[in-house]
Amino acid sequence: MLHLPAHHHAGHEANAPLLFPEYKTTRLRSPKNDLILVPQRLGEITGPVFGDADIAKGENDMTHANGGEAQGQRIIVHGRVLDSAGKPIPDTLIEVWQANAGGRYRHKMDSWPAPLDPHFNGVARCLTDKQGHYEFTTIKPGAYPWGNHHNAWRPAHIHFSLFGQAFTQRLVTQMYFPDDPFFFQDPIYNSVPEAARERMISTFDYDHTRDNWAVGFKFDIVLRGQDATPFEDPEGH
């Protein structure tokens, strides 16, 4: 599991600050006072324990939903979850969510005029295996406007959530795609120190590309250390 206590941070020098004025909502969301450490109780430290019984068959496939097949380019996203020494982290629950091929989320607050895909819900779950591997099949998400500034578009991305031994041990990050044209003006991407930004970008994986089916992308997630993946909320609260 993710042996990362809630008060510990992963690769502090790689994470974005809580307040980044170019990202408008951080002006309201960032704390104004010092954070207070709340001690964990026994139940928070010892559970839940995730296993195969918690994941239903097909939960790692977003390309079929509601009796039909999603529109867009199929992709296979895979990788490993590793610690700072390069050792695999097994039995880690990974949840992902994303926009559809047109850049729209299935969410009541997303109302920009892009088509909703009735056969794409945009959520998936999987567990890492004993070697830390994970994999899911989805549709490559589209860019979308989000009103942060004039003509603002978010680069195509997939949200990742990783759980440790308890729900208080959660890390959240975003995976981007190579050579996205909107990197230059995205404050979420650019809030991360420049030297660490490439750790959030997946790599095209021809060996994992499946003939006549889907394009492969690899995204390894490293916890802690000098190669740590940048995560949201660097203090882990």
Is it the case that atom [atom1] in [X] sees more than 12 heavy atoms from other parts of the structure closer than 6.0 Å?
X      : atom1 : result
Arg27  : CZ    : yes
Glu198 : CD    : no
Lys32  : NZ    : yes
Asn66  : CG    : yes

**Request:** Mind running side chain to side chain contact (heavy atoms under 4.5 Å, CB included) on Phe120 and Arg106 for me, showing each step along the way?
**Result:** CA-CA 8 Å; Phe120 186 80; Arg106 184 174 292 281; 5.6 Å; no
Hydrophobic clustering (ILVMFWY, side-chain heavy atoms < 4.5 Å, transitive) - are [Y] and [X] grouped together?
X      : Y      : result
Val77  : Trp213 : no
Phe217 : Ile76  : no
Val172 : Ile201 : yes
Phe204 : Met175 : yes
Phe231 : Val96  : yes

Over all atoms of both residues, closest heavy-atom pair of [X] and [Y]:
X      : Y      : answer
Pro118 : Leu116 : CD-O, 3.5 Å
Asp186 : Trp153 : OD1-O, 4.5 Å
Arg199 : Thr229 : O-CG2, 4.3 Å
Gln185 : Asn151 : OE1-O, 3.4 Å
Asn190 : Phe184 : ND2-O, 3.6 Å
Pro141 : Ala156 : O-CB, 3.4 Å

Check: [Y] and [X] side chains under 4.5 Å, non-hydrogen atoms:
X      : Y      : value
Asp83  : Ile89  : yes
Pro88  : Thr128 : no
Phe163 : Glu95  : yes

Does [Y] offer a backbone N or O that forms a donor-acceptor pair with the side chain of [X] under 3.5 Å?
X      : Y      : result
Thr26  : Phe20  : yes
His208 : Gly216 : no
Ser191 : Ala16  : no
Thr173 : Phe160 : no
Asp117 : Gln71  : yes

Separation between [atom1] of [X] and [atom2] of [Y], rounded to the nearest 0.5 Å:
X      : Y      : atom1 : atom2 : value
Thr203 : Lys218 : OG1   : NZ    : 6.5 Å
Arg125 : Asn60  : CZ    : CG    : 11.0 Å
Ile221 : Arg80  : CD1   : CZ    : 12.5 Å
His149 : Tyr23  : NE2   : OH    : 11.5 Å
Lys140 : Asn100 : NZ    : CG    : 14.5 Å
Leu162 : Leu171 : CG    : CG    : 6.5 Å

**Request:** Would you check, one step at a time, whether the test side chain to side chain contact (heavy atoms under 4.5 Å, CB included) holds for Glu69 with Arg74?
**Result:** CA-CA 10 Å; Glu69 186 172 9; Arg74 297 187 203 93; 2.8 Å; yes
**Asked** Does NZ or CZ of Arg104 lie under 6.0 Å from the centre of the six-membered ring of Trp112, at an angle within 45° of the ring axis?
**Response** no
**Request:** Indicate, with yes or no, if the rings of Tyr105 and Tyr144 have centres closer together than 6.0 Å.
**Result:** yes
**Asked** Between Phe177 and Ile158, does a side chain to side chain contact (heavy atoms under 4.5 Å, CB included) hold up when you go through it step by step?
**Response** CA-CA 9 Å; Phe177 293 87; Ile158 298 175; 4.0 Å; yes
**Request:** Anything under 30° is parallel, anything over 60° is perpendicular, the rest tilted; go ahead and classify His157 against Tyr176.
**Result:** tilted
**Asked** Under 30°, 30 to 60°, or over 60°: which ring-plane class applies to Trp97 and His159, parallel, tilted or perpendicular?
**Response** parallel
